[in-house]
Amino acid sequence: MDRQITTKLPNTPAGISRASDLLNSGQLVAFATETVYGLGADARNDTAVAQIFSAKGRPQFNPLIVHVASLAAAQKLAAFSPQALALATAFWPGPLTLVLPLLPDSPISPRVSAGLPTLALRVPAHPMAHDLLTEFDGPIAAPSANISGKISPTSPDHVLDGLSGHIAAVLDAGPCPVGLESTIIGFDPVPTLLRPGGLPAEIIENCISQPLAAPPTQQPMPNAPGQLASHYAPTAKIRLNADQARPDEVLLGFGAVPCDLNLSPSADLAQAAANLFRHLHALDANGAKIIAVSAIPDTGLGRAINDRLKRAAAPRD
Ligand code: TXA
Ligand code: MG
């Protein structure tokens, strides 16, 4: 793909307006959401959506999440069951993505869903995402703004590290407050946790008064293809559940432990989530060969943190 100059745009009305113009002209713009930075394109523009896949090196079969400004806008694109409506009403705007049947007359480019009859939708809570969606006044397709298979970006500099020269602009809103991607829920045929994320599964189960099913495993094309084993991989190797660093390792700690970087000295899971990708990026950039990571409790946001760590530790090609 041709190289271009990537502009850093400020989080001001002028910056948002410029970003919206770029999207309208079919270009790619990265922007902050409360979870991670998204790589946005006009979801109705086939060519723009195709560029997302080439800029990221993303396989064409891996569908994208569409971001909209409101539940009303989402209801024009996909069919909401009563349970989906209950979740959207309770948690939007917020770090929750719903996979729903695509409406037949939806204007979304078929590339977005990679040919599936469903659409992943979310209303983000970050003021920048909200302002951009309001100004653009249309659906924005946006995967995480990283090269496919690498750690997701939680700052504009992470975005530029991977995608500078391949996208028109990145809007700068500083670090993302949640720091982990959205929780993805499907409904085919029962409410299913397709990806643990920024909204803890227990809170969702409380809302619908039923447990979430586990995603089907070992399908030729998984329901959430981004869930393939080696994903979110830093260059360094990862060793999980470490008590202390071995001589050739750095320790990414959790709680009151001596370590090189700490996810949360007070063992707070929300703080650990917000720091996870930033600390992995930092240790990786420092040239760590092996990152040992303290054990993280497997409840609430800890489930999503452990999911990302397991994928980062998975064997690679
Ligand atoms: O927090 C987030 O969700 C961020 C921000 C930018 O919104 N986005 C994000 O997108 O994490 P991405 O592309 O990195 O992950 C989207 C996931 C992928 O695993 C993809 O397979 C799944 O959503 N997905 C998208 N459409 C789907 C569909 N129709 N059915 C099942 N899974 C779908
Ligand atoms: Mg991603």
Side-chain angles (χ1 to χ4, degrees), residues 28-41 43 49 52-53 55-68 77-79 91-102 106 108-126 128-130 132-133 139-154 158-159 162-163 170-171 173 176-188 192-199 215-216 219 221-233 273-274 277 304 307-308 311-312:
L28 304 185
V29 178
F31 61 98
T33 80
E34 71 278 29
T35 58
V36 300
Y37 274 74
L39 177 57
V49 171
I52 289 185
F53 288 91
K56 276 181 65 85
R58 183 177 178 107
Q60 302 277 346
F61 63 76
N62 192 358
L64 308 175
I65 297 175
V66 168
H67 299 66
V68 288
L77 304 175
F91 302 117
W92 280 355
L96 172 69
T97 295
L98 301 175
V99 175
L100 302 169
L102 191 58
S106 130
I108 301 296
S109 157
R111 287 180 196 270
V112 167
S113 279
L116 296 172
T118 50
L119 183 63
L121 276 167
R122 136 172 151 81
V123 178
H126 197 291
M128 168 180 277
H130 175 81
L132 181 62
L133 284 162
I140 300 179
S144 50
N146 53 288
I147 297 286
S148 193
K150 298 286 184 196
I151 308 168
S152 290
T154 54
H158 294 164
V159 175
L163 294 173
V170 55
L171 273 162
C176 300
V178 175
L180 287 176
E181 300 90 339
S182 60
T183 304
I184 306 182
I185 302 293
F187 298 90
D188 188 13
T192 303
L193 181 64
L194 296 177
R195 176 177 74 183
L199 182 67
Q219 292 188 348
M221 185 194 286
N223 267 10
Q227 299 305 88
L228 296 170
S230 176
H231 205 67
Y232 307 98
F277 291 147
D307 171 78
R308 303 306 187 270
R311 288 173 206 290

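For ligands, and for the atoms within them, numbers begin at 1 and follow the listed sequence. We use all heavy atoms of the structure for the numbers below, so side chains are in, but hydrogens, waters and symmetry mates are not.
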Element-labelled atoms of ligand 1 that are located less than 4.0 Å from some non-hydrogen atom of [X]:
X	result
Leu116	28 (C), 29 (N), 30 (N)
His67	5 (C), 6 (C), 7 (O)
Ile65	3 (O), 8 (N), 9 (C), 10 (O), 16 (C), 23 (O)
Asn62	18 (C), 20 (C), 21 (O)
Thr118	28 (C), 29 (N), 30 (N)
Gly38	6 (C)
Ala120	25 (C), 26 (N), 27 (C)
Thr35	1 (O), 2 (C), 4 (C), 5 (C)

Main chain of [Y], side chain of [X]: is a donor-acceptor contact present, judged purely on distance under 3.5 Å?
X	Y	result
Tyr37	Cys176	no
Thr33	His126	no
Arg111	Ala43	no

Reported CG-to-CG distance for the pair Leu163 and Asn146, which is rounded to 0.5 angstrom: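 One finds 7.0 Å between CG of Leu163 and CG of Asn146.
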Indicate whether any N or O donor in one side chain lies under 3.5 Å from an N or O acceptor in the other, for Glu181 and Ser152. yes
Is it the case that Thr97 and Arg195 place a side-chain donor and acceptor less than 3.5 Å from each other?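 No - no donor-acceptor pair under 3.5 Å links their side chains.
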From Ser144, does some N, O or S atom reach closer than 2.8 Å to the Mg ion (ligand 2)?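 It does; at least one qualifying atom falls short of 2.8 Å.
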[X] vs [Y] side-chain heavy atoms within contact, under 4.5 Å:
X	Y	value
Pro101	Pro117	no
Thr118	Asp188	no
Thr35	Ser144	no

One residue to check: Arg58. Relative to ligand 1, which of side chain, backbone, both or neither has a non-hydrogen atom less than 4.0 Å away?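 For Arg58, the contact with ligand 1 is made by the side chain alone.
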Have a look at ligand 1 and work out which part of Leu64, if any, has a heavy atom under 4.0 Å from it: side chain, backbone, both or neither.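 The answer is the backbone of Leu64.
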For the 3.5 Å polar cut-off, considering only N or O atoms, please tell me whether Arg122 and ligand 1 meet it.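 Looking only at distances, the answer is yes, because the N/O contact criterion of under 3.5 Å is met.
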Consider every N or O of Ser182 and every N or O of ligand 1, then say whether any pair is closer than 3.5 Å.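 Between Ser182 and ligand 1, an N or O pair is found under 3.5 Å apart.
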